[in-house]
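Each chain gets a letter, A, B and so on, in the order the sequences are listed, and its residues count up from 1.
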There are 2 protein chains.
Amino acid sequence: MNIGDVAAQSGLPSKTIRYYEEIGLVKPARDPNGYRSFSDANVHVLTFVAHARALGFSIDDCRQLVALWENQSRASADVRALAQSHLQQIETKIADLEAMRATLSDLIRDCAGNTRPDCPILERLADQS
Amino acid sequence: MNIGDVAAQSGLPSKTIRYYEEIGLVKPARDPNGYRSFSDANVHVLTFVAHARALGFSIDDCRQLVALWENQSRASADVRALAQSHLQQIETKIADLEAMRATLSDLIRDCAGNTRPDCPILERLADQS
DNA sequence: ATAAGGGTTCCAGTAACTGTAAGGTCAAGC
DNA sequence: GCTTGACCTTACAGTTACTGGAACCCTTAT
C-alpha cells in the first residue's frame, strides 16, 4: 500500500505518516522505486496511533501503548496506569480552563462593550494587587 | 530596576522577560553596563501580560490587549470582542477535553488493571471499525 | 511528448518558552 | 589587590507535533 491509500484509510495526512516514520513509530518497507510500502500491520499501528492521539495521548504515550499492544505478555494494569495518568492530566487541564472561563465570563459580563474606553477587563488585567 | 527585581515583582521568570523583550512586548532601556533597566511603565506592562497569559490569552492577543490598554480612545467593545472570542476558544477546548475524559474514564472503568493481558483500552484503540 | 497526479527529500516555520554554555559586572570580605 | 558569589549578558539548541513549501522523481493516460 502506498502512503496515499494509508492516509485515506487511517485518516492521517500523508505528511503526518511520514513524520511518524521519521520518529520511528512505524517502519514501512520500500518499493524498488523508493515509495513507502505499508503492510497491514503498519496500517494497524497507524490507525491505533490515530485513535490514541484523538484521545489526547502524547506521541510518547502512543509509543508505550503500541509497545504494550504488541506485547502479548503485557499486564492490563500497565495500560490502565498510563490511561489513568493521562486522564488525570486532562482533568487538571479542564479545571484550569474552567477557572479561566469563569473569570473571563465574569469580566465579559461586566464590560459594557460600547464605544467608551472604560473597561473592567483591562482594569482587571492592569490590577497591581 | 534590574531584571531580577522585575521577575520577583511580576512573577515572570527572567528568561521569559528577556523573551518578551526579544519579541517586542516590552522595551526596557539599558544601563551603561549593558544591564536592562526597567521603568515602572515597563513593569506594569509585564504584570499586565502575566495576568492576560494566566487567563490563557495568546501572546498575540496580549499584544493587542496592551495596545488597547495604552490607547486612551479605545472602545471597550474591542476589548470585549477579543475576550469573547478567546472565551469561545476556551469553551471549545473544554468540550473537546470533556469528550476525551468521558471516553477515557469509560475505558478505564472497564479495564481490570491486573496482570492479565486482556485490556479493553487497547482493544478500543485497535478497533478498525 | 506531455500532463496530471502520485511519490520523494530537505528545510523552515509554528507557540512560547526553557536549558545550557560561556562570559561580563558588581559588592563584600580577606 | 584578589577572590568569591550573585547577578547580568548573549547565543544557540531543544521542546511538541506537526505543517508548508520547494525542488525533483515515478507512473499512467492521452
Any donor-acceptor pair under 3.5 Å linking the side-chain atoms of B:Asn2 with those of B:Ser37?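 The answer is no; no qualifying pair exists.
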Decide whether B:Ser58 and B:Asp60 meet the rule of one side-chain donor and one side-chain acceptor closer than 3.5 Å.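 Not at all, the side chains of B:Ser58 and B:Asp60 share no donor-acceptor pair under 3.5 Å.
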Looking at [N], I'd like to know if its phosphate oxygens (OP1 or OP2) sit under 4.0 Å from a side-chain N or O belonging to [X].
X	N	answer
B:Asn33	D:dC8	no
A:Arg36	C:dG7	no
A:Tyr20	D:dA17	no
B:Thr16	C:dA16	no
A:Ser58	D:dT16	no

Got a salt bridge between [X] and [Y], using NZ or NE/NH1/NH2 to carboxylate O under 4.0 Å?
X	Y	result
B:Glu21	B:Lys27	no
B:Glu98	B:Arg101	yes
B:Asp106	B:Arg109	yes

Interatomic distance, [X] [atom1] vs [N] [atom2] [rounded to whole Å]:
X	N	atom1	atom2	value
B:Ile23	C:dT18	CD1	C1'	14 Å
B:Glu22	D:dC12	CD	P	11 Å
B:Tyr19	D:dT10	OH	P	16 Å
A:Glu21	C:dT9	CD	C1'	11 Å
B:Leu46	C:dA16	CG	C1'	15 Å
A:Asn2	C:dG6	CG	P	11 Å
B:Ile17	C:dT18	CD1	C1'	14 Å
A:Leu25	D:dC18	CG	C1'	13 Å

Does A:Ile3 reach a base, just sugar-phosphate, or nothing at all? Heavy atoms under 4.0 Å.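 If one applies the 4.0 Å heavy-atom cut-off, A:Ile3 turns out to touch the sugar-phosphate alone, with no base involved.
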With a non-hydrogen cut-off below 4.0 angstrom, is A:Arg18 in contact with a base, only sugar-phosphate, or nothing?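 A:Arg18: base contact, heavy atoms under 4.0 Å.
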Residue B:Arg30, side-chain atoms from C-beta onward, closest of D:dA17, C:dG7, D:dT10: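 Of the options given, the side chain of B:Arg30 lies nearest D:dT10.
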Which is more 5' along DNA chain D, the nucleotide nearest A:Tyr35 or the one nearest A:Lys15? Just name the residue.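 Mapping each residue to its closest nucleotide by heavy atoms, the 5'-most match is A:Lys15.
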